[in-house]
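What you see is a predicted model, and the numbers here were worked out from it, not measured in a lab.
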Amino acid sequence: MCPPGTDQTTRSAQVWYFLAPEVKQALQPHPGNTERHSWYSFKISDMLFDPDRRFDAWSLLARPVTPPQAPRIHLGSLGAFDVLSNEILEMVVEHIEERSDSIALGLTCEGFWQILQRHIQRNYTKAAAPWAGTKIAFQGSYCYDLPTPFLEDGLLENLVPQENFSKSWQRFRLFFWLHEKFDKPVGPHNIALKWIEAINSHEDCGIAPARWEQMRTEIACHDLFPKDRLWTLRNLTTKETVHSKIMETKTPGNEQARVGVRFEDVLLMKICWTTFASHGDEKLDHRGVWAGHRFDIITSEAHSKEEDVKDWRDITDAVGVDLASLRHKLQR
């Protein structure tokens, strides 16, 4: 047994979390195939260029193209409720707490069903990009300090007030372990599962099977991020951009091979933060230059409309070269 006060930080396997301390949320990536991985053998390098991904940057950072088109309400389809304005009817739907009860109201007539559709699609849009614009880092448990942005704007003081810490790193370690009290982020697809569960509870309501399947489709979370657009990962802190053409970056020395990278790989390469790299991850930069920065993902068209692009630096090509080189290094 170690004597009191002995630092035991590195005596167990390093644990990694995506942290968004400003919104008090955290996400632990799944270690993957349990036959190959566990938290005692987890490596960040196993997440890079992995088709399973094990974390989804789009659900955390991507802003929908446009709010979903609200269904048109046909006059006369609400019976006695036609005397009420659409605004009041929508307020009624908004104040129903249980999703199953909302579905029950929507099943009473087509007019209420259309109002409910609009309400649900607003839910999805509101839930999109829960971490857009907030400071994030992929932090390991072997950290004895914090990314500089986590020390700014009173963030550290707000979460871990200064006490009688005998050593400064103890305060930083406590900051990391706050993830145990943080909530998990909830995105549109998490909410969609709950709405599908709610409508399934009314499966015996007597609606014709064909219409029933159509209604289940109508409340599903449709693709908020169409792949026929050019998308941009933006570092809002440094005003740097990486475009989705990064997915077509070629491997050095083999012009035919595609690296097949994603925005997730860009982030993993740049937002990791720990003091000591885990065994097997020594080739990775564990002091990411983007750790603690703010990000979002939007269409390149929206970016050009919102911002003066001259104020931003496009680093897509440079990041593509870095990722290709990293993949080559990891394969050796």
So, the side chain of [X] versus the backbone of [Y]: is there a donor-acceptor pair under 3.5 Å, distance only?
X      : Y      : value
Gln114 : Gly111 : no
Ser201 : Ala198 : yes
Thr275 : Tyr144 : yes
Glu264 : Ala57  : yes
Arg173 : Ser141 : yes
Tyr124 : Ile219 : yes
Trp312 : Arg234 : no
Thr108 : Ala104 : no
Asp265 : Arg262 : yes
Thr134 : Trp131 : no

Residues [X] and [Y] bridged, charged N to O under 4.0 Å:
X      : Y      : value
Arg216 : Glu203 : no
Glu110 : Arg211 : yes
Asp308 : Lys239 : no
Lys135 : Asp153 : yes
Arg63  : Glu306 : no

Connected via hydrophobic side-chain network under 4.5 Å: [X] and [Y]:
X      : Y      : result
Trp273 : Leu326 : no
Tyr17  : Trp177 : yes
Leu156 : Leu174 : yes
Trp113 : Ile207 : yes
Met269 : Val289 : yes

Return the orientation label for the Phe225 and Trp58 ring planes: parallel under 30°, perpendicular over 60°, tilted otherwise.
-> tilted
Distance-only donor-acceptor check, side chains [X] and [Y], under 3.5 Å:
X      : Y      : answer
Ser325 : Asp322 : no
Thr274 : Gln139 : no
Thr299 : Glu301 : no

Can you name the residues that form a side-chain hydrogen bond (donor to acceptor under 3.5 Å, both in side chains) with Glu197, not counting sequence neighbours?
-> none
State the OG-CD1 distance between Ser244 and Ile297, to the nearest 0.5 angstrom.
-> 10.0 Å
Glu180 side, atom CD; Gln28 side, atom CD - distance, nearest 0.5 Å | 10.0 Å
Does a side-chain heavy-atom distance below 4.5 Å link [X] with [Y]?
X      : Y     : answer
Met91  : Glu87 : no
Lys184 : Gln25 : no
Pro130 : Val23 : no

What do the steps show when you test Ile191 against Arg99 for side chain to side chain contact (heavy atoms under 4.5 Å, CB included), and what is the final call?
-> CA-CA 10 Å; Ile191 294 176; Arg99 289 184 175 85; 4.0 Å; yes
Where is the tightest heavy-atom contact between [X] and [Y], given as atom of each residue plus distance?
X      : Y      : result
Pro149 : Gly292 : CB-O, 3.2 Å
Ser304 : Val309 : CA-CG1, 4.0 Å
Ala127 : Pro188 : O-CD, 3.8 Å
Ser102 : Leu116 : O-CD2, 3.5 Å
Trp231 : Pro226 : NE1-O, 2.9 Å
Leu107 : His202 : CD1-CB, 3.7 Å

Looking at Thr316, Val266, Thr241, which one forms a side-chain contact (heavy atoms from CB on, under 4.5 Å) with Leu233?
-> Val266
Which one of Leu267, Leu60, Ile271 satisfies the side-chain contact (heavy atoms from CB on, under 4.5 Å) criterion with Phe18?
-> Ile271
Got more than 12 heavy atoms from elsewhere within 6.0 Å of CD, Glu157?
-> yes
Before giving the answer on side chain to side chain donor-acceptor pair (under 3.5 Å), spell out for Ser300 and Thr232 the whole-Å C-alpha distance, their side-chain angles and the decisive distance to 0.1 Å.
-> CA-CA 5 Å; Ser300 299; Thr232 299; 2.6 Å; yes
Working for side chain to side chain contact (heavy atoms under 4.5 Å, CB included), residues Trp195 and Cys221 = CA-CA 9 Å; Trp195 279 111; Cys221 183; over 6 Å; no
Worked check of side chain to side chain donor-acceptor pair (under 3.5 Å) between Thr238 and Glu240 = CA-CA 6 Å; Thr238 62; Glu240 294 174 310; 2.8 Å; yes
Under the side chain to side chain contact (heavy atoms under 4.5 Å, CB included) rule, what do Asn235 and Trp290 come out as? Steps first, then yes or no, please.
-> CA-CA 8 Å; Asn235 183 326; Trp290 281 3; 3.2 Å; yes
Please step through side chain to side chain contact (heavy atoms under 4.5 Å, CB included) for the pair Phe175 and Cys143, ending with a clear verdict.
-> CA-CA 10 Å; Phe175 182 98; Cys143 57; over 6 Å; no
